[in-house]
Engineer: 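Have a look at this one.
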Amino acid sequence: MAVVDHEGLIVTANEALSALVGIAAAALTAQSASDLVDLAADGRTWHAYREVLHGRRSRFRCTRRLKHPDGRSMWAEITVVPMPATEADGGSGSRSSDGDSGSRIGDGDSDDGTRGAADGSRPPGQVLLSVADVSDRRELQKRLRHLQMHDPVTRLPNRTLFFERLSAALETPPYQDDSFPGRGRIGLCYLDLDGFKAVNDTLGHRIGDRLLAAVAARLTDCAEQEGPHPTGAPLVARLGGDEFAILVEESTGTQQLTDLARTVLAALQKPFDLAGQRLSVSASIGVVERPVAGTSATGLMQAADTTLYWAKADGKARWTVFDPERNAHRMTRQALSSNLRPAVERGEFTIEYQPLVGMADGVVRGVEALVRWNHPQFGMLSPNRFVAIAEEDGSIVQLGRWVLRAACRQARRWQLDHPAEPPLFISVNVAVRQVWDSDLVTDVAEILAETGLDPALLQLELTESAVMGSAGRPLQALQSLSDMGVRIAIDDFGTGYSNLAYLSRLPVSVLKLDGAFVHGFRYEDGTHPSPADETIVEAMVQLAHRLGLTVTAECVETAGQAERLRRIGCDTGQGWLYSRAVAPERIAELLGARALEA
């Protein structure tokens, strides 16, 4: 410790300070205290120190790196407080506490010191300077921080340090050096190992940890192979489990990131020798590269996570670059998925009906119910935009039940409104999950009873994939529906498995030929685009008739197609030649004419 006068000169010092700085106590007298402990190194510290000397601040504290007499560097905590006034000075004699409430300045400490009295000062007097060697404490703090910020298995920076570094990179102004063209950009390779869980499950966590450490070493080597850069080598971190990240600050562009990803994949594909175990692994990598401006840590990581998922979905053992258009499609898909169930309850779905026309006479025999989603944000959506999503999340059961009820109710209404006309049958699509995840037979029976529709006027369409290999519950459901009088149709026939065996053992009544075959019949200009298609269709029609089935041709668009399909024996057709899918009021208008021009 030392007593310092109001001009900043040492009045007296104790032996402990003498030993700490390596200068005799007597020789310290009249020396500048600020020079001794480097208080003028930055303006903020110097200003606070001067305010204490002049009585305008109660205390301040800072940390300084000093030179020890033995040559080593040491960290010193320096505190400056006014000396207590004596009775001879007219003071009260009260002593100011040197507690933690004092201001700490310098080396990251905060300046929250207490100012002087309301009049801004008190008479200048002597101050007490104390210097404490805190090197051991600083070293311990450093070691504790390292343990806190690094992964114990791989010794790489952990998730906490990674996000600290990422946040700092996004907040730091671009590096200004014309020798490095990629200023103001950031890149990230986000990867995980393919099949790492199998390694843990079969060989144990000990081998799994060794594999992670070996992977970390190779990733570090790949990062260090990057050329000279103002921010140093890319940061390699383990984010948890088998997930790693390589952060490239001041990226020069996507090419740099994809080159790095390619290097990483090549490095990881080389076998690992671990305690006698020879392992081969691969990785999937999501690559994101973008300007720092406007980028947040959360946004960057979300993009990286999405892109890693794409790499996995695309076949693993590869890198994939973030694609804004693909992400927009994913976001739209996610938005649709999250709103499907509430949309049914809010009444956002409507049904349009496309006529099924007798090929021989052009008379409307029935209609197919086609659901539409009147989405408040995306407008009117066709089934191909949301049915697959509904099947994935299971909401197709609720939606399918609503469509079935609404379609049967509409068919019954047409029948009651036009009693003089032969009733139209209604054809409704049924998804695979409706057969498996709901009591479809009970639903159909209840809806038919509720609406009063004759079961013979209901046709349920299932795809080939839905009925392929049908056994157990699906087969029982289809048989029960057929026994009830409901007709079963196979939709898009000819493009799936086309397994003819199920036609003999399933209660199928109708085959609907996929439109891909019908397109081959377009020959108004005298040419015959696909004679093979015509031959196949003719054979399928003959086979269906031999089995007692009727055949519907989909996607009939021209009179030439209709004429040829009529000649080879197709029973009914649907397509734009006859009518697009229309509102139920338009179908009511067609009932008067019944026959549509082909």
Side-chain angles (χ1 to χ4, degrees), residues 1-117 120-142:
M1 305 180 79
V3 176
V4 180
D5 66 19
H6 69 278
E7 293 183 354
L9 301 178
I10 295 176
V11 177
T12 181
N14 65 6
E15 292 297 329
L17 180 60
S18 171
L20 193 65
V21 298
I23 301 174
L28 289 173
T29 302
Q31 283 203 25
S32 168
S34 65
D35 292 344
L36 182 68
V37 290
D38 197 24
L39 295 181
D42 65 86
R44 184 167 175 239
T45 300
W46 173 248
H47 176 72
Y49 169 62
R50 297 294 296 176
E51 284 199 316
V52 176
L53 289 183
H54 294 142
R56 293 193 294 269
R57 181 185 290 268
S58 65
R59 70 184 60 227
F60 96 96
R61 182 178 297 155
C62 68
T63 306
R64 279 288 179 267
R65 192 168 189 174
L66 305 177
K67 199 75 169 178
H68 196 274
D70 64 8
R72 63 181 175 86
S73 294
M74 70 172 179
W75 286 99
E77 184 177 79
I78 300 161
T79 305
V80 181
V81 297
M83 291 287 289
T86 65
E87 293 183 5
D89 296 328
S92 64
S94 62
R95 178 174 297 273
S96 176
S97 170
D98 183 18
D100 287 340
S101 62
S103 172
R104 300 176 60 87
I105 300 177
D107 193 47
D109 296 323
S110 61
D111 180 8
D112 57 356
T114 304
R115 300 285 174 173
S121 65
R122 57 176 149 182
Q126 295 178 335
V127 298
L128 183 66
L129 171 76
S130 64
V131 183
D133 184 353
V134 294
S135 301
D136 290 343
R137 185 171 70 188
R138 293 274 299 203
E139 181 62 28
L140 178 60
Q141 290 174 341
K142 181 179 178 182

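Along the sequence shown, the residues carry numbers beginning at 1.
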Engineer: Between the main-chain N or O of Gly43 and the side-chain N or O of His47, is there a donor-acceptor pair closer than 3.5 Å?
Structural biologist: no
Engineer: In Å and rounded to the nearest 0.5 Å, what is the CD1 to CG distance from Ile10 to Leu129?
Structural biologist: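 Here the interatomic distance stands at 7.0 Å.
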Engineer: Enter the distance from Leu9:CG to Asp35:CG here, rounded to the nearest 0.5 Å.
Structural biologist: 9.5 Å
Engineer: Within a strict 4.5 Å, meaning less than it, do heavy atoms of the Val21 and Leu28 side chains meet?
Structural biologist: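 Yes - at least one pair of side-chain heavy atoms lies under 4.5 Å apart.
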Engineer: Nearest 0.5 Å, please: how far is CZ in Arg56 from CZ in Arg50?
Structural biologist: 9.0 Å
Engineer: What do the steps show when you test Leu66 against Leu20 for side chain to side chain contact (heavy atoms under 4.5 Å, CB included), and what is the final call?
Structural biologist: CA-CA 10 Å; Leu66 305 177; Leu20 193 65; over 6 Å; no
Engineer: Could you walk me through whether Leu17 and Met1 pass the side chain to side chain contact (heavy atoms under 4.5 Å, CB included) check?
Structural biologist: CA-CA 6 Å; Leu17 180 60; Met1 305 180 79; 6.0 Å; no
Engineer: What residues form a side-chain hydrogen bond (donor to acceptor under 3.5 Å, both in side chains) with Ser18, not counting sequence neighbours?
Structural biologist: none
Engineer: Hey, is the main chain of Trp75 close enough, under 3.5 Å, to the side chain of Ser135 for a donor-acceptor pair?
Structural biologist: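 It does hold such a pair.
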Engineer: What's the spacing between His54 NE2 and Tyr49 OH if we round to 0.5 Å?
Structural biologist: 9.5 Å
Engineer: Let me confirm one number: the CD1-CD distance from Ile23 to Gln31, rounded to the nearest 0.5 Å.
Structural biologist: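 Ile23 CD1 to Gln31 CD: 5.0 Å, rounded to 0.5 Å.
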Engineer: Within a strict 4.5 Å, meaning less than it, do heavy atoms of the Leu39 and Cys62 side chains meet?
Structural biologist: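 In contact.
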Engineer: If you look at every heavy atom in Val80 and Val52, which pair is closest and at what distance?
Structural biologist: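 Smallest interatomic distance, heavy atoms only, reads CG1-CG1, 3.7 Å.
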Engineer: Just wondering, do Arg64 and Val37 contact through their side chains at under 4.5 Å, heavy atoms?
Structural biologist: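 Side-chain contact under 4.5 Å: no.
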Engineer: CD of Gln126 to NE2 of His6: how many Å apart, nearest 0.5 Å?
Structural biologist: 10.0 Å
Engineer: Quick check: closest heavy atoms across Pro82 and Ser58, and the distance to 0.1 Å?
Structural biologist: CD-O, 2.7 Å
Engineer: What are the two closest non-hydrogen atoms of Leu53 and Glu7, and how far apart are they?
Structural biologist: CD1-C, 4.4 Å
